[in-house]
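Heavy-atom basis, side chains included; hydrogens, waters and symmetry copies ignored. Small disclaimer: the values here were computed from a predicted structure and weren't measured.
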Amino acid sequence: MTERNYWSRMKHRNLSRRSLLRASARAGVGAAGLALVGCGDDDDDGQQAAAQVQQAQDQVEQQADQQAQQQQSQTATADEQQEQQAAAQAQAAADGEPKQGGIVRMVMSDGGIFDPAIAIHGGTFAGVHQIYDWLNYLDEGFVITSGMAELPEVVDELNFIYTIKPNVYWHDKPPLEGRQFTAEDAVFGLQRFGFDNPEFVFKDRFSLVDKFEAADEFTMTVQASEVFSPILSAIAEDNMLIVSRDAVEAFGDEAISTDFEAQIGTGAMVGASREADVELNLTRNPKYYKEGLPYFDGYKGVNLGDDAIRIATFVNGQTDFLNYQWFGRPVDFDAAVTEMGEEAVTGVPNPVTYGMATHIHTEVEPYTDPRVRTAVHLAADREQLIALSLGELVIGGPIAVAIAPYGRTEDELRQLPGYRSGDLRQEDLAEARRLLEASGADLDNIPPMEIWAPDASDYAQVLQQNLGEVDFNLDILELTTADALAARQNREFSMIMLGQQGASDPDLLYNDLHTTGGQNYGNFSHPEFDALVEKGRSVFDVEERKAIYDEAQDRLLNEWNPRLYWSWSTVVIAFRSYLKGFRPTPGVTASNAILWGMWFDEIPEGAQS
């Protein structure tokens with residue numbers, strides 16, 4: 001059923017060739033250039049209450065510590081860690097003292113959808129979402145860090161207290177008029193993600209929260225209806241940016257989604273102007289609660305959908321970052337170094353929870369049969385697929401490898417059916433043929449595979465060839481970014497190739513595939529899977545949780561296969577070396593946190609305020 005909604009409206013905002021040329025002209029390039037710490041004090045209501053508080057604190061801190069330790073051991077050996085730490089210390093010394101000034105110039109593409117409760121498009125995070133802010137946020141290593149609120153006091157496993165900082169103010173625009181941010185604002189902003197709006201894709205994140213409540217002007221209490229182990233990281237996730245009740249009541253949900261003038265937040269940047277599909281301009285928030293930040297005077301985003309133009313703008317000095325803040329192919333970095341020299345370009349490895357996947361609609365024939373979905377899984381050649389990314393992607397499973405210790409490494413995955421090569425791949429192909437024959441699927445009438453073009457076009461052709469090896473022949477239907485996102489959101493697809501968004505916790509599987517999950521685009525529903533991810537939400541112990549999510553991943557890949565998993569990102573963020581203060585962040589597109597602490601060592605002419 002087709003519905004008129006925010007994603008459908010996005011179809012009318014496609015990037016035209018004329019818009020692309022206008023954007024390149026604005027950039028100065030011609031067409032030819034084509035661990036949670038510091039919880040609150042225990043109260044004095046008796047030894048039993050104190051013990052419960054301490055136990056809850058210990059459990060949460062243990063989880064954060066173990067995740068951080070697992071992350072380090074997974075991504076580097078001890079020697080490599082020492083080298084990385086030494087390099088980081090040397091870089092910090094070389095960066096020197098921060099400096100104020102300049103307009104940072106970056107690539108962005110927001111798609112015209114701005115509402116944090118709806119937008120999952122990375123270009124929005126790179127641009128408009130700089131206007132908003134978090135209560136807490138996830139910094140390097142998935143460490144929960146204080147934002148507009150102090151780190152929460154853990155009362156017990158069900159109750160948490162957030163103290164709002166007294167120096168946080170809304171931007172000085174009507175209807176907020178620069179008033180102080182309060183606990184009531186925090187309550188509304190978080191509750192809103194769960195409102196009864198079919199476009200809100202994170203509605204399940206707080207389904208186990210009984211209530212958010214303002215105890216006083218600067219105190220918000222959170223009470224869970226049952227144990228929800230990832231609750232603190234869920235509140236700190238990239239998407240949990242706070243929208244005000246005032247703006248919603250003044251403008252309406254539709255305007256919050258699509259009208260740039262309705263974007264009023266508490267973030268480091270204030271909206272100045274936007275020309276759809278061409279350029280975005282933001283200015284420094286003079287009353288930002290992080291004293292002295294941001295160092296930049298403003299932000300300029302240029303919509304460059306063409307790789308040749310994007311690279312040319314960087315090489316020619318028109319942009320300061322080579323790619324989006326969450327994206328970067330090593331080959332692009334190498335090319336920039338070849339053109340500009342090693343001293344002119346800085347590259348920083350940054351594994352993030354973003355990847356590519358093929359979403360399968362489990363209520364569309366022939367994918368209603370799990371044997372058909374498993375055959376697709378077995379026939380896909382992950383090595384061939386990720387080779388096309390030129391080093392930007394790594395082979396991935398249902399949980400991103402960056403979410404240690406739950407995500408599986410490439411070496412672990414390569415031992416599994418569907419990920420194997422050589423003679424073992426031939427065994428997988430034989431099993432795929434057997435499953436297709438047993439299913440009785442009509443292989444002459446397979447609906448076309450929708451894809452996000454042009455970004456997924458090459459990947460789709462490889463997958464098409466892979467499936468052809470088992471006589472599963474399907475055509476490719478290319479869609480614009482806007483149309484592809486709308487088709488997925490409206491569940492109007494058969495099998496669609498698009499990006500997939502990770503999180504900081506394996507609970508992402510609930511959001512992705514639970515019967516009620518906000519991003520369960522393929523309408524997958526299985527009571528045993530639902531029970532597994534529900535149980536995973538109720539456990540604090542890392543090893544116990546790992547066993548639950550190991551089982552969930554095993555059964556997804558061996559029995560159910562509601563989504564074809566094949567990659568996550570391990571990118572190289574490349575920027576001009578006169579930019580200082582960059583630090584990796586592991587989220588999807590935590591660009592706010594990245595830009596907060598960066599500055600120009602020398603302000604280039606094109607970036608003068």
Side-chain angles (χ1 to χ4, degrees), residues 36 39-40 60 114-119 129 131-138 144-171 173 175-197 199-228 230-253 255-257 262-267 289 507 511 518 537 592:
L36 183 62
C39 294
V60 178
F114 312 135
D115 191 335
I118 300 172
H129 278 185
I131 291 170
Y132 294 102
D133 217 316
W134 304 280
L135 294 182
N136 288 173
Y137 66 98
L138 297 169
I144 300 175
T145 307
S146 68
M148 296 187 293
E150 302 291 353
L151 294 174
E153 176 186 344
V154 180
V155 179
D156 54 40
E157 293 181 345
L158 299 179
N159 293 278
F160 310 87
I161 300 174
Y162 285 82
T163 300
I164 307 301
K165 295 178 179 178
N167 61 336
V168 182
Y169 296 91
W170 292 99
H171 295 162
K173 291 184 173 184
L176 278 306
E177 307 291 2
R179 71 164 175 81
Q180 196 162 29
F181 181 87
T182 68
E184 289 283 0
D185 293 321
V187 168
F188 176 82
L190 293 177
Q191 284 180 334
R192 184 171 180 268
F193 287 99
F195 284 3
D196 186 17
N197 184 324
E199 308 314 315
F200 286 7
V201 294
F202 305 105
K203 58 188 177 184
D204 60 89
R205 298 309 292 134
F206 304 127
S207 59
L208 295 184
V209 174
D210 187 49
K211 61 181 177 179
F212 296 101
E213 190 170 56
D216 58 41
E217 186 176 12
F218 297 113
T219 305
M220 180 184 75
T221 60
V222 181
Q223 181 178 338
S225 57
E226 55 188 270
V227 173
F228 178 32
I231 186 171
L232 302 184
S233 59
I235 289 173
E237 283 176 356
D238 290 354
N239 306 89
M240 299 303 146
L241 298 162
I242 302 299
V243 172
S244 73
R245 182 192 302 272
D246 307 55
V248 172
E249 291 179 349
F251 303 118
D253 279 337
I256 297 297
S257 174
Q263 310 311 307
I264 304 170
T266 55
Y289 68 91
D507 189 56
N511 194 46
R537 291 183 141 195
N592 295 25

Taking side chain as C-beta onward, heavy atoms only, is [X] less than 4.5 Å from [Y]?
X	Y	answer
Val222	Pro152	no
Phe200	Ile118	yes
Phe206	Gln191	no

For [X] against [Y], the heavy-atom pair lying closest together:
X	Y	result
Phe251	Ala255	O-CB, 3.5 Å
Lys165	Ser146	NZ-OG, 3.3 Å
Ala149	Asn136	O-ND2, 3.0 Å
Glu237	Trp134	O-NE1, 3.2 Å
Phe114	Ala119	C-CB, 4.4 Å
Leu151	Thr145	CD2-C, 3.8 Å

At what distance, to the nearest 0.5 angstrom, does [atom1] of [X] lie from [atom2] of [Y]?
X	Y	atom1	atom2	result
Asp156	Gln223	CG	CD	9.0 Å
Glu150	Thr219	CD	OG1	11.0 Å
Arg245	Glu184	CZ	CD	7.0 Å
Arg192	Asp253	CZ	CG	4.5 Å
Glu177	Ile264	CD	CD1	8.5 Å
Glu153	Asn159	CD	CG	10.5 Å

> Got a donor-acceptor contact below 3.5 angstrom from the Glu226 side chain to the Leu208 backbone?
Replying inline: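 Pair absent, no side-chain N/O of Glu226 close to backbone of Leu208.
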>> Using only atom types and a distance under 3.5 Å, with no angle test, would you say the side chain of His171 pairs donor to acceptor with the backbone of Gly267?
In response: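 Here the side-chain-to-backbone pair exists.
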>> If only side-chain N and O atoms count, and only distance matters, is there a donor-acceptor pair under 3.5 Å linking Ser207 with Asp204?
In response: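 No.
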>> Assess, by modelled atom type and distance only, whether the side chains of Trp170 and Asp185 contain a donor and an acceptor separated by less than 3.5 Å.
In response: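 Per modelled atom types, Trp170 and Asp185 side chains form a pair under 3.5 Å.
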>> Under the criterion side-chain contact (heavy atoms from CB on, under 4.5 Å), I'd like the reasoning laid out for Phe228 against Asp210: C-alpha separation, chi angles, the key distance, then a yes or no.
In response: CA-CA 11 Å; Phe228 178 32; Asp210 187 49; over 6 Å; no
>> Between Arg205 and Asp507, does any side-chain N to carboxylate O distance fall below 4.0 Å?
In response: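 Answer for the salt bridge query: yes.
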>> For Phe181 and Tyr289, I'd like to know if the aromatic rings sit close, meaning centre-to-centre distance below 6.0 Å.
In response: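 Judged by ring-centre distance (under 6.0 Å), Phe181 and Tyr289 do not meet the cut-off.
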>> Ile242 vs Leu190, test: side-chain contact (heavy atoms from CB on, under 4.5 Å). Steps then yes/no.
In response: CA-CA 7 Å; Ile242 302 299; Leu190 293 177; 4.0 Å; yes
